[in-house]
2 protein chains.
Amino acid sequence: MGLTPEDIERLDSIIKRGRPYHRGDHLYRGGDKFHSLRVITSGSVKTYSPNEDGGEQVLGFHLPGELIGLDAIQDDNHTCSAIALETTAVCEIPFSQLESLSSIMPSLQHQMYRLLSREIGQDTEMLTLLGKKSAEERLATFLLSFSERFKQRGFSASDFFLSMSRHEIGNYLGLAVETVSRLFTRFQDENLLHVERKHVQLLDIPRLYDIVQGADRAKSSQSRI
Amino acid sequence: MGLTPEDIERLDSIIKRGRPYHRGDHLYRGGDKFHSLRVITSGSVKTYSPNEDGGEQVLGFHLPGELIGLDAIQDDNHTCSAIALETTAVCEIPFSQLESLSSIMPSLQHQMYRLLSREIGQDTEMLTLLGKKSAEERLATFLLSFSERFKQRGFSASDFFLSMSRHEIGNYLGLAVETVSRLFTRFQDENLLHVERKHVQLLDIPRLYDIVQGADRAKSSQSRI
DNA sequence: AAAATAACTTGATCCGGATCAAGAACTTCT
DNA sequence: AGAAGTTCTTGATCCGGATCAAGTTATTTT
């Protein structure tokens, strides 16, 4: 990440390895006092925030290597909750120490600014997804996001397990469970993928990218001729 | 913002007052080299990003006192565009200088982290809006957001001008122009507000808050008895 | 292994909001 | 001031995806 080995070492000295969490355990809850950022080292995590009328909004699914808790810096309290989707290990980075360290390590400070900014960028992409895209485009985007992130981590880009339920996927994408289920079936019928419960195999990644770009409407009207 | 007067002075020394922009002028465009954050001092600004299929997604409307450009830190390029909605004045804060300054001013660094984190928090609120809320709830949320922001700046919380078009409001809220127009009419019919083109007068702010919380469904079914 | 529960799928129906269409009000240009 | 182009409003229709309703397949409990 643009840090020297000795930078890394200093950073490493403040990192605490937390105990592992089991499926359903909370890493933190909305309202909890904020003290640490967390990096997921194995497993996966869902972040969500309760919305006024009792339900919840899933904010994200997080894989190993990803940092969570950035939203809590603003007022020393967690604004959302984080829950383990499977057995999950995390490292904790006490924020006050990270802040002090970044004061004397410009490269770390720079990296922190970039990280926070990237998070903002990712959120705005999600705004476009929820504001303008069809159900099909949403699920394709979702699947390719996982594909890319698994690939980046050295796993298969086309064969992976989703640790969250259909319900959680729907909530995240602003869709009903039934719609998500139907879309998986449809994508499978169209030979875009093979799905069996949580196990997904992407069979035609290029066409999934076409769908993301809405190329789909034009294309399907062609094939209907 | 938690800075001492002398901190402010040092910060002030790097701030550049830019020339004023007229309606329709771009402050920056997606892809432009990023060099400065900007604080709006008067007028208003729309930020938006082009989405793959030609259209655009409005990301936000920004009023005096607000900071824009935080999303661009991540890779030295602007990821979205910013355009003046009316005659607008801004201050530019060269980011590299701000970064250096924050290295030697822990309080400034702290403030920057909070600011970036707050932006993330705001984006996630917007995700809930777009993911789960009805058209009514969206417009009520939108109006109350402006009400609060104007109030905070010493202007009327119930009587203000919106500088953006119905089309832009719709785009921002994930709604069609026609829906926005109809909702304004409906809200007026229900004596929630008075609207005449861009001039809005909120007549029943408490009920607008009820609508935001979806209290509306229950209530309207009562009144139908 | 059977029973209970939870997660998922599939079908039928419904509805909120999009889209299409046209007119009205406002702005800008000449 | 008149013409032309915008922006906004209002009405009619349509459709994507929500909701309702069952049935099916996993998972957990006993």
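Chain naming here is simple, since letters A, B, ... match the order of the sequence lines and numbering starts at 1 in each. What you see is a predicted model, and the numbers here were worked out from it, not measured in a lab.
R118(B) CZ: 12 or fewer foreign heavy atoms inside a 6.0 Å radius.
Residue pairs that meet the side-chain hydrogen bond (donor to acceptor under 3.5 Å, both in side chains) test with at least one member in residues 173-192 of chain B, sequence neighbours left out, are E136(B)-R186(B). The stretch residues 66-91 of chain A participates, sequence neighbours left out, in these ring pair (Phe, Tyr, Trp, His ring centres under 6.0 Å) pairs: Y28(A)-H78(A), F34(A)-H78(A).
Look at CG on L139(B): it is 11 Å from P on dT9(D), rounded to the nearest Å. If you take CZ of F184(B) and P of dA25(C), they are 19 Å apart, rounded to a whole angstrom. Separating the CG atom of D189(A) from the P atom of dT10(C) is a distance of 8 Å, rounded to the nearest angstrom. Atom P of nucleotide dC8(D) and atom CG of L162(B) are separated by 11 Å, given to the nearest angstrom.
Qualifying salt bridge (Lys or Arg N to Asp or Glu O under 4.0 Å) partners for D159(A), counting only residues two or more places apart in sequence or in other chains: none. Partners of Y21(A) by side-chain hydrogen bond (donor to acceptor under 3.5 Å, both in side chains), not counting sequence neighbours, listed by chain and number: R38(A).
For the helix from dA1(C)-dT30(D) to dT30(C)-dA1(D), the axis fitted to the five pairs at one end and the axis fitted to the five pairs at the other end meet at an angle of 50° (nearest 10 degrees).
Rounded to the nearest 0.5 angstrom, R23(A) CZ and S163(A) OG are separated by 8.0 Å.
One finds a salt bridge joining K46(A) and E56(A) here, because a Lys/Arg side-chain nitrogen approaches an Asp/Glu carboxylate oxygen to under 4.0 Å.
Side-chain rings of Y172(B) and F61(B) approach one another, their centers coming within less than 6.0 Å.
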Letter by letter from the 5' end, nucleotides 11-26 of chain D scores (B base, S sugar-phosphate only, - none; protein heavy atoms under 4.0 Å) BB----SSBB-----S
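Contact annotation for S165(A): backbone-only contact, meaning every heavy-atom pair under 4.0 Å involves sugar-phosphate atoms and none involves a base.
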